[in-house]
Asks: 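Just passing along the structure, written as structure tokens.
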Amino acid sequence: MDKKNGIYVVFTAALFLAILLSMGMGAMTISITDMLHILAKSLGLSIGTATDDLAENVLLYVRMPRVLLGVLVGAALGISGAAVQGIFRNPLAEPGLIGISAGASLFAALVIGMESVLLVSLGQFLGFYLLAFAAFAGAGIAAILVYRFSRTDGKPNIATMLLAGIAINALAGALTGLISYLADEQQLRTITFWMLGSLGGANWNIVLGILPFVLIPVVVLPLFGKGLNLFSIGEHQAEQAGADPGKIKNTVIILSTLAVGACVSVSGIIGFVGLLVPHIVRLLGGVDHRFVLPASALLGALVLTVSDMLARIIAAPLELPIGVITALLGTPAFLYILYRDKKKITP
Amino acid sequence: MLRVESVSYQINGRYLLKDISFSIRKGEIAAILGANGAGKSTLMKILCREKKPTEGRVVYDGKDLNTYTARELSAKRATLYQQNTVSMAFTVAEIVMMGRYNSKHGDHRSDSTALSETMEICGVSHLAERSMLTLSGGEQQRVHLARVLAQVWDNKNALLLLDEPVSNMDMRYQHQTLAIANALAKRGYMIVCVLHEINLAAQYADRIIMLKGGRKWWDGAPEEVLTTRNIYTAFGLHTSVQTDPATLITRVTPSSIKYDAAAFNSNLSEIFNRQSLKERFIAYRDQYPARPLWHIADTLGVSEADLVLLGLEENVTILSARPDAILKAIGEMGLVQGMTRNVHCHICCTGVYRDFFKEENTSCFQGEDTRLKISTEQCKIILAVEAQGKESLQFFTASGQAIHKIFLTDAGNRNAFLELLDTYKQHLPHRPEIEKKKHPPVKERRDAEINIMAFHEAWNTLTRAEEFSQLVTRFRLTPMQALRLAPPRRAMQVSLEVFRRTITQCLSDRIPVAITTGNENCQQESTGQLHDIYQKDQWLEITQSNGSNTVLNQDAVHSVWHVIRPVHNTCTDTLELYDTTGQMIVQFSGVHHSENPETWKKILGNTTI
């Protein structure tokens with residue numbers, strides 16, 4: 001078994017372990033046996049032992065959707081980060097660079113800031129989903145703007161895209177700042193909390209809602225592994241070797257925007273996963289995108305599951321913003337690997 | 001087969017490539033040579049389809065290049081770019097393997113064969129597991145070469161496009177890389193390769209395509225293309241070219257350029273000035289005794305008049321700036337020799353300066369077989385010189401550029417010369433201030449701004465040949481532009497060979513020819529049968545039966561034009577030689593009052609066709 005397969009196995013095993021642990025731990029501890037019984041029962045299998053109704057409710061309607069949401073969001077952020085770094089040919093890139101996060105934040109802040117006005121008319125109707133829809137719309141609008149600006153001859157120009165992204169980020173950031181300035185104490189807290197990210201709102205509807213947005217990129221993006229590898233020797237060079245750079249850029253940008261936009265809309269902004277996870281993967285198992293893309297999805301899911309668990313138990317019964325945990329956890333790990341292997345990645 | 005069919009590429013109305021045609025056959029290795037900005041890279045970009053030609057097309061294996069899909073093309077064409085930056089820490093083997101991503105069957109065996117063989121021949125096998133980011137520039141270039149070779153390793157009809165493939169490599173790998181290309185070509189591959197090193201092209205290419213200013217300047221076997229003259233035209237550098245008798249390979253050795261740093265770095269001129277101009281001049285002249293004065297002046301960063309004035313108070317007298325009066329008085333001196341030159345050509349005629357007349361701002365002499373026009377307005381410095389037993393009068397512009405020189409011959413009247421000196425000698429001689437020469441940039445107007453119809457009309461209704469220059473001025477054209485925009489069949493570009501055949505024919509048929517040359521302030525013309533033609537290196541010396549001789553630097557000739565101007569009821573046909581800056585070097589024309597004015601035209605017509 002070569003190194004790359006080894007890494008897949010380790011990541012997958014660790015992810016399962018983390019899922020189990022995460023479902024068991026929290027304000028109420030549920031043992032593995034109880035967990036199995038509850039799962040069996042909900043699938044219609046009767047084992048005979050009676051289960052605690054409260055534990056059943058917590059597991060099926062609170063913990064499970066929350067953990068699965070973490071897995072989906074983590075996988076989406078990890079794989080999009082890897083793909084976007086590939087097309088930007090820049091290891092410092094992340095999906096936020098093309099304005100997705102900033103656009104989502106702006107619209108989320110708008111909704112929170114105007115809550116009192118909006119809730120009366122729309123709020124009752126849309127409820128919690130209003131925030132998610134607004135954030136998704138914001139992410140999409142920002143990404144479409146950046147994308148339109150950067151198109152020359154039907155192909156996105158990567159350098160222009162970077163600059164347009166910086167401009168849209170600055171504009172959205174300024175407007176978000178303005179809304180925060182006008183907001184009252186409570187709204188400001190909500191905005192800040194949202195911007196640091198949380199999986200707290202998870203339920204089955206949300207999980208099923210973002211499932212296609214995550215599943216399609218996770219399945220399709222790894223098919224572009226070879227293309228992204230060729231991209232790293234240059235766009236023209238890639239074309240000479242038989243790749244279609246226009247198609248690669250369009251697909252990667254659209255799929256990453258959908259995935260990240262969907263995630264941001266339900267969990268707020270969770271930083272560092274998109275930037276650092278692909279790096280850690282590369283440092284462990286090499287830079288071949290055919291490996292980096294799926295491995296980043298796995299590691300992203302793992303990191304987010306663990307982070308969410310920690311966010312719930314460190315200061316229980318309070319909950320920390322998950323963005324804080326990912327940064328606190330990811331940065332030292334990254335710095336350590338960077339220190340150990342810097343000769344491998346910088347000439 | 002790859003066929004380039006009159007391809008042009010323009011961007012914002014400026015042509016980077018103009019009307020390029022050639023074809024590459026199976027098994028051929030062609031090198032593209034040319035100076036910086038000649039269009040080599042643009043041509044490569046068109047061949048590899050990164051850019052689409054604005055006119056013309058490229059046909060590859062019977063199909064327009066644009067009709068291929070990227071994938072189809074990748075199986076039969078691989079390109080090595082000049083610049084390759086790898087953004088992630090791929091290993092060498094991974095990079096080379098990228099060349100195989102689109103191999104036809106995904107056949108594992110042929111992939112691994114291609115991988116190991118290309119890495120072996122490019123000398124990167126021992127680096128297989130190293131990260132690309134840790135390699136030197138030359139090693140990286142070899143890895144990319146291996147990748148590009150791997151892409152078409154199993155298709156011996158493929159085309160390889162190599163854009164400066166050896167720019168970062170050491171000597172051994174430069175040769176090894178081109179040897180690989182040459183060997184692959186011998187087995188059927190087509191190879192087009194941009195090179196900077198002429199000798200590598202001579203050694204390894206079957207064929208050289210030389211570009212200049214976006215046009216194809218020459219195309220042929222290395223020994224045909226690589227001549228001192230072609231290399232000078234394309235690169236502006238003097239070289240000597242030999243053929244190795246053992247291998248029959250052409251070898252080009254550039255002549256070294258010599259500068260004095262103080263001449264171009266004003267911070268060094270303090271040390272430089274401690275040595276007087278005179279000392280520097282003497283030192284330089286001793287080193288290069290054959291160099292003409294103006295050439296030394298150029299090298300020392302002064303004007304020709306500066307050097308002549310070094311002899312002030314010894315053998316040089318400053319005359320008052322009254323050129324008309326002085327010129328009128330020269331007739332008294334009897335037989336003299338008049339000399340006019342530009343950078344690439346000079347003419348000397350012997351005769352008497354009679355029949356002076358004024359025409360606007362120019363003074364003219366119209367002899368039987370010579371003619372002279374001087375813009376006396378520009379003659380600001382007039383010097384009388386006695387050097388090596390020869391007396392002369394020399395006319396300079398305010399910036400010290402020579403306009404015209406008149407030498408007293410042995411048969412001339414020396415007393416008249418001394419008398420003239422006495423009359424016009426400046427009584428309070430002060431050294432004339434010589435202005436720094438300015439080079440106002442010549443700006444060519446865009447063709448679209450020019451009323452071409454009116455220009456054609458004016459050209460076709462000319463009545464005197466002299467009016468032509470006024471016509472060019474009136475339409476605000478550069479000389480080159482005037483020829484380019486000429487009415488149909490009025491200006492045809494011909495080769496230097498046509499020019500040489502024409503004058504040789506005139507020599508053997510004893511046809512009288514008028515030779516006109518000069519600079520912006522003086523034009524001198526000599527008419528007569530050609531007496532002899534000598535050639536030494538790049539210099540061509542033409543003597544005429546009237547004793548005139550003209551010396552011409554053939555290496556400086558950028559283009560030769562056959563120009564037809566209507567005069568009265570007939571037409572004058574001229575052959576005009578231009579340099580790279582678009583200035584006329586010399587003009588040859590027939591003689592109207594000769595017994596048979598049509599012979600010149602006939603010769604010209606025959607040789608041109």
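All figures in this text were calculated on a predicted structure; none of them were measured in a lab.
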Asks: For the CG atom of Asp244(A) and the OG atom of Ser74(B), what is their distance to the nearest 0.5 Å?
Replies: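 Output value for this atom pair is 11.5 Å.
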Asks: Taking the side chain as every heavy atom from C-beta outward, state whether Met132(B) and Ile233(A) have any atom pair closer than 4.5 Å.
Replies: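 Result no, sub-4.5 Å side-chain heavy-atom pair not found.
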Asks: So, Gln237(A) side chain and Gln83(B) main chain: donor-acceptor pair closer than 3.5 Å or not?
Replies: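 Pair found, side chain donor or acceptor close to backbone of Gln83(B).
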Asks: Is the shortest heavy-atom distance from the side chain of His289(A) to the side chain of Phe90(B) under 4.5 Å?
Replies: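 With C-beta onward as the side chain, the pair touches.
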Asks: Within a reach of under 6.0 Å around CD of Glu120(B), are more than 12 heavy atoms found that belong to other residues, nucleotides or ligands?
Replies: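 Atom CD in Glu120(B) is not packed in, count stays at 12 or less.
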Asks: Output the distance between atom OH (Tyr101(B)) and atom CG (Asn229(A)), rounded to the nearest 0.5 Å.
Replies: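 Reported to 0.5 Å precision, the distance equals 3.5 Å.
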Asks: Relative to chain B, which segment of Ala243(A) carries a heavy atom at a distance below 4.5 Å: side chain, backbone, both, or neither?
Replies: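 The answer is the backbone of Ala243(A).
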Asks: Is Lys26(B) atom NZ crowded by more than 12 heavy atoms from other residues, nucleotides or ligands, each under 6.0 Å away?
Replies: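 Atom NZ in Lys26(B) is packed in, count exceeds 12.
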Asks: If I take atom OG1 from residue Thr79(B) and atom NE2 from residue His236(A), how far apart are they, to the nearest 0.5 angstrom?
Replies: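 One finds 11.5 Å between OG1 of Thr79(B) and NE2 of His236(A).
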Asks: Taking non-hydrogen atoms and a cut-off under 4.5 angstrom, which of residues 140-152 of chain B neighbour chain A?
Replies: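 So the qualifying residues are His144(B), Arg147(B), Gln151(B).
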Asks: Among Gly242(A), Ala238(A), Gly227(A), Gly86(A), single out the residue with the greatest number of heavy-atom pairs under 4.5 Å to chain B.
Replies: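 The option with the most such pairs is Gly242(A).
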Asks: Please check if the number of heavy atoms outside Tyr8(A) that lie under 6.0 Å from its OH is greater than 12.
Replies: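 Counting other residues, nucleotides and ligands, OH of Tyr8(A) exceeds 12 neighbours.
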Asks: Arg49(B) side chain to Gln240(A) main-chain N or O, any donor-acceptor pair under 3.5 Å?
Replies: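 No, Arg49(B) side chain to Gln240(A) backbone: no donor-acceptor pair under 3.5 Å.
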Asks: So for Leu135(B), is it side chain, backbone, both, or neither that comes closer than 4.5 Å to the heavy atoms of chain A?
Replies: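 The answer is neither part of Leu135(B).
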Asks: Set out, in order, the CA-CA distance, both residues' side-chain angles and the distance that settles side-chain contact (heavy atoms from CB on, under 4.5 Å) for Glu94(B) and Val287(A), then state yes or no.
Replies: CA-CA 9 Å; Glu94(B) 281 172 333; Val287(A) 297; 4.2 Å; yes
Asks: If you round to the nearest 0.5 Å, how far is CZ of Phe88(A) from OG of Ser87(B)?
Replies: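 Separation between the atoms: 12.5 Å.
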Asks: Closer than 3.5 angstrom, by distance alone: can the side chain of Asn84(B) be matched with the main-chain N or O of Gly234(A) as a donor-acceptor pair?
Replies: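 No; zero donor-acceptor contacts below 3.5 Å.
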